[in-house]
Amino acid sequence: MIPQSDRPYIFINSAVSADGKLSTFERKQVKISGKADFDRVDELRAETDAIMVGIGTVLADDPSLTVKSEERRQARAAAGRDENPIRIIVDSKARTPTDADIFKKGKGRKIIVVSESAPKDKIDALSKMPETKVIVAGSDRVNLEEMAAQLKNEGINRLMVEGGATLNYGLISAGLVDELKIFVGNLIIGGKTAPTFADGEGFSEDLIKKLVLEDVERIEDGVLLTWKVKY
Ligand SMILES: NC(=O)C1=CN([C@@H]2O[C@H](COP(=O)(O)OP(=O)(O)OC[C@H]3O[C@@H](n4cnc5c(N)ncnc54)[C@H](O)[C@@H]3O)[C@@H](O)[C@H]2O)C=CC1
Ligand SMILES: Nc1nc(O)c(N)c(N[C@@H]2O[C@H](COP(=O)(O)O)[C@@H](O)[C@H]2O)n1
């Protein structure tokens with residue numbers, strides 16, 4: 001586990017259904033959050049240095065990961081920051097499409113984190129995208145600890161992760177997550193193959209992660225839970 005001083009402060013924000021799912025079994029995006037929760041997420045985005053998702057989320061949702069409020073974008077610009085936080089994709093094999101929305105929507109830096117196993121032509125194509133840097137960490141799959149240290153060197157002190165299920169699990173099992181913000185919405189999605197908050201291989205009983213509850217807040221018909229991760 002790398003010391004917190006050598007990496008950004010990392011928190012995950014996710015919206016789950018009452019049965020803990022992130023999306024449907026077809027991996028179709030679901031509006032779990034209502035207007036008030038999306039606005040809370042927008043404020044969190046505006047306050048962070050960078051936002052990260054896994055390639056699975058890019059291929060499923062094609063998110064732009066921009067700050068939606070004009071006022072918040074202007075406040076960032078007035079403070080000498082880019083209008084949007086740095087948008088980061090964890091993408092071992094460099095599968096990010098060059099026509100993805102993160103390249104088409106909003107200004108600001110993008111970082112694609114790949115492994116040494118990524119095809120060179122794909123890395124070259126991504127490196128040529130405007131305001132985009134490709135970082136290599138790990139041999140076959142992205143090494144998340146190495147990535148976190150490199151992101152600190154890029155000047156990122158506060159990093160917001162927005163899923164998905166595999167990346168959430170990978171970061172938590174690598175001991176890289178400080179805080180979780182989980183909005184539990186008023187719906188049941190169901191499905192044994194639908195992504196949950198943390199998928200991956202799962203922890204054996206002795207390695208299960210324990211959390212400390214920091215806050216509980218009702219937002220419309222859902223609940224926002226804030227937890228710190230115990231290591
Ligand atoms: N409700 C919500 O708040 C959110 C829901 N989602 C949903 O989650 C689903 C996507 O989740 P996943 O398919 O699990 O994809 P993911 O977004 O977690 O990306 C997983 C990919 O990350 C890459 N990766 C590279 N190195 C890794 C490492 N060391 N550890 C872990 N991952 C690594 C791998 O290529 C892996 O396939 C979609 O259905 C999407 O709609 C995604 C984000 C937020
Ligand atoms: N906070 C939240 N609530 C939901 O109900 C959601 N479905 C998500 N999904 C995440 O938001 C991303 C879309 O971002 P853009 O609107 O394109 O900027 C999506 O990819 C998930 O990460 N989040």
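Atoms within each ligand, like the ligands themselves, are counted from 1 in listed order. In this chain, residues are counted from 1 in sequence order.
- For atom 9 (C) of ligand 1, the closest non-hydrogen atom of the protein is P195 CG, 4.0 Å.
- For ligand 1, one of its N or O atoms has an N or O atom of G164 under 3.5 Å away.
- Counting only N and O atoms by type, the side chains of S69 and E71 include no donor and acceptor under 3.5 Å apart.
- Between G170 and ligand 1, not a single N/O pair is under 3.5 Å apart.
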Could you tabulate the donor-acceptor pairs under 3.5 Å formed by side-chain atoms of residues 203-211, not counting sequence neighbours?
{"residue": "S204", "atom": "OG", "partner": "D206", "partner atom": "OD1", "Å": "2.8"}

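- Not a single heavy atom of V53 sits closer than 4.0 Å to an atom of ligand 1.
- The protein atom (non-hydrogen) at minimum distance from atom 15 (O) of ligand 1 is G56 CA, 3.3 Å.
- The main-chain N or O of T226 is never found under 3.5 Å from a side-chain atom of D215 such that the two would form a donor-acceptor pair.
- Considering backbone and side-chain atoms alike, N13 places every N or O at 3.5 Å or more from each N or O of ligand 1.
- Protein residues having at least one heavy atom under 4.0 Å from any atom of ligand 2 are N13, A15, Q29, V30, K31, I32, S33, F38, V41, R45, T57, D61, P63, S64, L65, T66, K68, E162, listed by chain and number.
- Linking Ile, Leu, Val, Met, Phe, Trp and Tyr residues whenever their side-chain heavy atoms come within less than 4.5 Å places I182 and V161 in a single cluster.
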Starting from the C-alpha separation in whole Å, work towards a yes-or-no answer on side-chain contact (heavy atoms from CB on, under 4.5 Å) for M52 and I111. CA-CA 9 Å; M52 171 184 286; I111 295 178; over 6 Å; no
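- At under 3.5 Å, not a single nitrogen or oxygen of D91, backbone or side chain, sits near a nitrogen or oxygen of ligand 1.
- Considering backbone and side-chain atoms alike, A15 places an N or O below 3.5 Å from some N or O of ligand 1.
- When the side chain to side chain contact (heavy atoms under 4.5 Å, CB included) test is applied to D82, the partners found at least two apart in sequence or on another chain are R109.
- When hydrogens are left out, the protein atom nearest atom 32 (N) of ligand 1 is R141 NH2, 3.5 Å; that is the closest non-hydrogen contact.
- In the vicinity of S14, heavy-atom distances shorter than 4.0 Å reach the ligand 1 atoms 3 (O).
- With respect to atom 17 (O) of ligand 1, the closest heavy atom belonging to the protein is T57 OG1, 2.6 Å.
- A 4.5 Å side-chain heavy-atom check between V58 and D91 finds every atom pair outside the cut-off.
- Scanning all heavy atoms of the two residues, the minimum distance from S117 to S92 falls at OG-O, 4.1 Å.
- Of the residues T48, D178, I10, the one that meets the side chain to side chain contact (heavy atoms under 4.5 Å, CB included) test with R158 is T48.
- Scanning for side chain to side chain donor-acceptor pair (under 3.5 Å) contacts around R27 gives an empty result, with sequence neighbours left out.
- With respect to atom 11 (O) of ligand 1, the closest heavy atom belonging to the protein is A165 N, 3.4 Å.
- Of all the heavy atoms in R73 and V67, the pair that sits closest is NH1-O, 2.9 Å.
- Taking all heavy atoms of R95, E162, K93 into account, the minimum distance to atom 37 (O) of ligand 1 is reached by R95.
- Within the listing of ligand 1, atoms 16 (P), 17 (O), 19 (O) sit less than 4.0 angstrom from a heavy atom of G54.
- Between L167 and L144 the shortest heavy-atom distance is CD1-CD2, 4.2 Å.
- Between the side chains of R45 and N13, no donor-acceptor pair of N or O atoms lies under 3.5 Å.
- Of all the heavy atoms of V90, the ones lying under 4.0 Å from any atom of ligand 1 are found in both the backbone and the side chain.
- Between D61 and ligand 1, at least one pair of N/O atoms sits closer than 3.5 Å.
- Those atoms of ligand 1 with a heavy atom of A60 less than 4.0 angstrom away are 38 (C).
- Looking from atom 20 (C) of ligand 1 to the surrounding protein, the closest heavy atom is T166 CB, 3.6 Å.
- Looking at ligand 1, you won't find any N or O of K28 less than 3.5 Å from one of its N or O atoms.
- For L144, the closest heavy-atom approach to ligand 1 falls below 4.0 Å.
- Among protein heavy atoms, atom 18 (O) of ligand 1 sits closest to L167 N, 2.8 Å.
- When all heavy atoms are compared, the tightest approach of I135 to L151 is CD1-CD2, 4.2 Å.
- Between atom 7 (C) of ligand 1 and the options L22, V142, I182, the minimum heavy-atom separation is to L22.
- Counted by atom type alone, S127 and D124 present zero donor-acceptor pairs between their side chains at under 3.5 Å.
- The shortest distance between side-chain heavy atoms of Q150 and V113 does not fall below 4.5 Å.
- Among protein heavy atoms, the minimum distance from atom 35 (O) of ligand 1 is reached at I55 CG2, 3.2 Å.
- Heavy-atom proximity to atom 26 (N) of ligand 1, evaluated over G163, S92, G138, S23, is greatest for S92.
- Across all their heavy atoms, T57 and P63 have their closest contact at O-CD, 3.7 Å.
- Checking R76, R72, K35 one by one against D42, the salt bridge (Lys or Arg N to Asp or Glu O under 4.0 Å) holds for a single residue, R72.
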